[in-house]
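Down below is the structure, laid out as structure tokens.
Side chains included, hydrogens not; waters and symmetry mates left out as well; all remaining heavy atoms used. Note that the structure is a prediction, hence the values are computed from the model and not measured.
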Amino acid sequence: MAPRNRSLSRAAALGMTAAAVALLTGCTPSTGTTHSSPPNTAETAASSPQTPTQPTNSPASNGSGGSGSSAASPRPTTANAPARTDACRSLPASATVKADVTAAYGAQAQPRLRHITPVKGTFYYGSCDGTFYAGTRFQLTPGSTQAEQVALQDDGSVMKYFIDRPGTAWTYLASDPFPASPEGCAAIPDIPAHLSALWNDCRS
């Protein structure tokens, strides 16, 4: 082969080689510039925020706290509580109570009554919310004066009612009308209705 033709063949071969290299270089992705390596799964899990798991006995889950919980049971309030009935009790009357009530009535009566005592089986005694009440009829005792005998006739013989407020002594409160009402002490507005019911309306 002539020297000129050999040079052309070598140049053509070099050109083809350069073209192939250029072609391969343009199709191969460069590392570290266009594409990044896939993220590390462990690092992603550790760095990404996660919603905390709510324990079953936490305030938000059991309804005792947590302002955003719509399923929480409402707490009972005093506004929803039923009204309390008057705390009334019927009590046994001691000899001292009977003597104090008798003295209170005798002192306020006109004329003063010294020879009186409660009629047996008619004395009622009890309390409502710390205030004490009593009711009884009176009869004369030996040695009574004519004035006392007159005072205890008719309306003087009906039931008398008394009150002892905290920090005070027994005082006269009211009397049955004459003749007495068939409703007994239930007809006396000064006696709490609950206590009157406990006393069987003072008709026993």
Side-chain angles (χ1 to χ4, degrees), residues 59 62-65 67 71-204:
N62 61 18
S64 61
S67 58
S73 301
R75 294 183 179 180
T77 62
T78 54
N80 297 329
R84 183 176 66 87
T85 305
D86 289 344
C88 293
R89 297 180 298 163
S90 180
L91 303 169
S94 66
T96 300
V97 169
K98 293 180 180 180
D100 290 345
V101 168
T102 301
Y105 180 62
Q108 65 85 43
Q110 292 296 329
R112 293 175 66 93
L113 303 175
R114 303 179 186 276
H115 299 87
I116 58 173
T117 188
V119 175
K120 186 176 181 179
T122 69
F123 200 99
Y124 299 91
Y125 176 55
S127 67
C128 289
D129 295 328
T131 297
F132 292 88
Y133 298 85
T136 189
R137 291 199 303 270
F138 293 99
Q139 63 184 7
L140 295 169
T141 60
S144 61
T145 65
Q146 184 176 2
E148 290 176 325
Q149 295 170 12
V150 171
L152 250 66
Q153 291 176 355
D154 299 334
D155 59 335
S157 63
V158 298
M159 288 282 294
K160 311 294 183 183
Y161 302 98
F162 303 84
I163 188 170
D164 181 8
R165 296 182 178 88
T168 65
W170 285 105
T171 56
Y172 171 76
L173 185 62
S175 293
D176 276 346
F178 182 81
S181 168
E183 296 180 2
C185 54
I188 306 300
D190 300 287
I191 301 298
H194 189 194
L195 183 59
S196 175
L198 293 175
W199 287 349
N200 194 30
D201 297 332
C202 309
R203 293 181 295 186
S204 59

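Of the listed residues (Leu91, Val101, Thr168), just one forms a side chain to side chain contact (heavy atoms under 4.5 Å, CB included) with Phe132, and that residue is Leu91.
With hydrogens and angles disregarded, a donor-acceptor distance shorter than 3.5 Å links the side chain of Ser94 to the backbone of Val97.
In this structure, Ile191 CD1 and Cys202 SG are separated by 7.0 Å, a value rounded to the nearest 0.5 Å. For the atom pair His194 NE2 and Trp199 CH2, the distance stands at 12.5 Å (nearest 0.5 Å). A distance of 12.0 Å separates NZ of Lys160 from OG1 of Thr122, quoted to the nearest 0.5 Å. The CG atom of Asp129 lies 10.5 Å from the CZ atom of Arg89; values are rounded to the nearest 0.5 Å.
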Begin from the C-alpha positions of Asp201 and Ser196 and carry the test side chain to side chain contact (heavy atoms under 4.5 Å, CB included) through to its verdict. CA-CA 5 Å; Asp201 297 332; Ser196 175; 2.8 Å; yes
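Every residue meeting the side-chain contact (heavy atoms from CB on, under 4.5 Å) condition with Thr141, not counting sequence neighbours, appears here in chain and number order: His115, Thr117. For Thr102, the side-chain contact (heavy atoms from CB on, under 4.5 Å) test picks out Ile116, Pro118, Phe138, with sequence neighbours left out. Qualifying side-chain contact (heavy atoms from CB on, under 4.5 Å) partners for Thr131, counting only residues two or more places apart in sequence or in other chains: Tyr133, Ile163, Arg165, Pro166. Remark: Ala147 pairs with Pro111, Thr145 by the side-chain contact (heavy atoms from CB on, under 4.5 Å) rule, at least two apart or across chains.
Contact record, Arg203 with Tyr124: N-OH, 3.8 Å, taken as the closest heavy-atom pair. Across Leu113 and Ala151, no two heavy atoms sit closer than the pair CD2-CB, 3.9 Å. Counting all heavy atoms, side chain and backbone alike, Gln149 lies closest to Gln153 at O-CG, 3.3 Å. Considering every non-hydrogen atom in both Leu195 and Cys128, the closest pair reads CB-SG, 3.7 Å. Nearest heavy atom pair, residue Ser175 against residue Val158, reads CB-CG2, 4.4 Å.
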Side-chain atoms of residues 176-187: list all donor-acceptor pairs with protein atoms under 3.5 Å, sequence neighbours left out, distances to 0.1 Å.
| unit_1 | atom_1 | unit_2 | atom_2 | d |
| --- | --- | --- | --- | --- |
| Asp176 | OD1 | Tyr161 | OH | 3.0 |
| Asp176 | OD2 | Tyr161 | OH | 3.4 |
| Ser181 | OG | Glu183 | N | 3.1 |

